[in-house]
Amino acid sequence: MKEIFKAGRIYTEQKIMDDAYLVVEDGRISELLDDYTGMLPVHDHTDKIIIPGIIDIHSHGCMGYSATCKDMDEVYGFTKAIAATGVTGVFATTQEFDSMAKVADVIDSGIVKGARILGIQAEGPFRHPKYMGASKGFDWPKPSVDYAKQMREAAKGHLKYMSVSTDLEGIEAVMQYLLSQNIRIAAGHTDADYEEMKKGFKMGATIISHFGNAMRPIHQRSGGAITACLLDEDIILEIICDHVHLAPEIIDLYFRVKDSEHFILISDSSELACMPAGRYYARGKERIVTEAGHIVLDDGTISGSGKYVLYDMRNLIFKHQMPVDKVIKMASLQPAKYFHLEEKKGSIAIGKDADFVILNQDWHVVQTYVEGIKQYDCQIDTQLINPAMKNLLAV
């Protein structure tokens, strides 16, 4: 099947094309044209923008659905919800065995409803007690190779990414095991100082989980983990630009110190992302969604993000005046490269999967396509919020 899409602007991997045509055939991009004179009908989006599909490597949930799920239907609710935010590929984030198994079943089924799940990310459970974040109070296991093996088995081989505190006793053996299984390691929820963080890099951590959050900060007499991450030329930084996790001036500072090619935009969205304001009972705790859409505990602790990657992209483009092409790469091509998926995903280029998002001029999602199939349409998919979360869990 062949489809033609016209847009006022298309952000391809090589250049920006105005009043151009994107040709999709058998789920892949077959042509990028300045003009089209063929006989096939054209999907006319002349007043709109086409960008590559967003790859979110750190998302716990959205619109009342969680990757820490009860069944496969909840997983599909999650993937459909994030497709509405422009995500075409996601690493579902959970560390509970039963949930990992359910997510793995969805991956193995090959059925895509919304975004495609590219793998499973475990944010923990090996966290430093001082930096538990909103998970404080839960009983987390100590670093154990046997426990890591159980996690991988529960995920049925789909555990691709794991966050650990690299300064914990016994973590080096865990990291060696993870690396032997081709599982990429993020450092996060850590009390590592400058030297300990550098040691963590040598042990195999190559990326930082939600950089600037849940880690030892900079002190005038000790650089801390943050300085080690900024000064290392190879380390990649996950970053949340919702202006809640990081102040705008801190974001500006980070990007002045380190080139944008070393950042990957993430959401760290929870199941309460995009939910109406109110008090909810979720994952064993009461959480508050504020009128501004932020998610906090009663003591003010941030509990994941209430926003999504495209929201952060708008912040960077319209409030920080960052070049659009650099922002797009942080959301699409750079996460694809980190996980060695760039041959098929991460940009609009001939031969790649037809993962793309049609936006209006305000950068809000109109349609989302995954491998050439329309998985979200703002005119049709208007009831995506989980009614069980909205009606039964609000307190």
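In what follows, every heavy atom counts, from backbone to side chain, and hydrogens, waters and symmetry copies are set aside.
With sequence neighbours left out, the side chain to side chain donor-acceptor pair (under 3.5 Å) criterion links Y376 to no other residue. Qualifying salt bridge (Lys or Arg N to Asp or Glu O under 4.0 Å) partners for D34, counting only residues two or more places apart in sequence or in other chains: none. The salt bridge (Lys or Arg N to Asp or Glu O under 4.0 Å) check on D252 picks up nothing, with sequence neighbours excluded. Residues forming a salt bridge (Lys or Arg N to Asp or Glu O under 4.0 Å) with K326 (at least two apart in sequence, or on another chain): none. For F5, the ring pair (Phe, Tyr, Trp, His ring centres under 6.0 Å) partners at least two apart in sequence or on another chain are H43, F356, Y369. For the salt bridge (Lys or Arg N to Asp or Glu O under 4.0 Å) test, residues two or more places apart in sequence or in another chain that qualify with K345 are D353, D355, E371. In this view, E74 satisfies the side chain to side chain donor-acceptor pair (under 3.5 Å) rule with no residue, not counting sequence neighbours. Partners of D146 under the side chain to side chain donor-acceptor pair (under 3.5 Å) rule, at least two apart in sequence or in another chain, do not exist in this structure. Applying the side chain to side chain donor-acceptor pair (under 3.5 Å) rule to K156 yields the partners D105; only residues at least two apart in sequence or on another chain are considered.
Applying the 4.5 Å side-chain rule to ILVMFWY residues, one finds I57, F91, L118, Y161, I207, I236, I240, I264, I266, Y338, F339, L341 in the same cluster as I55. Residue L231 shares its hydrophobic cluster (ILVMFWY side chains chained together at separations under 4.5 Å) with Y194. Through direct or indirect side-chain contacts shorter than 4.5 Å among Ile, Leu, Val, Met, Phe, Trp and Tyr, V296 is connected to I288.
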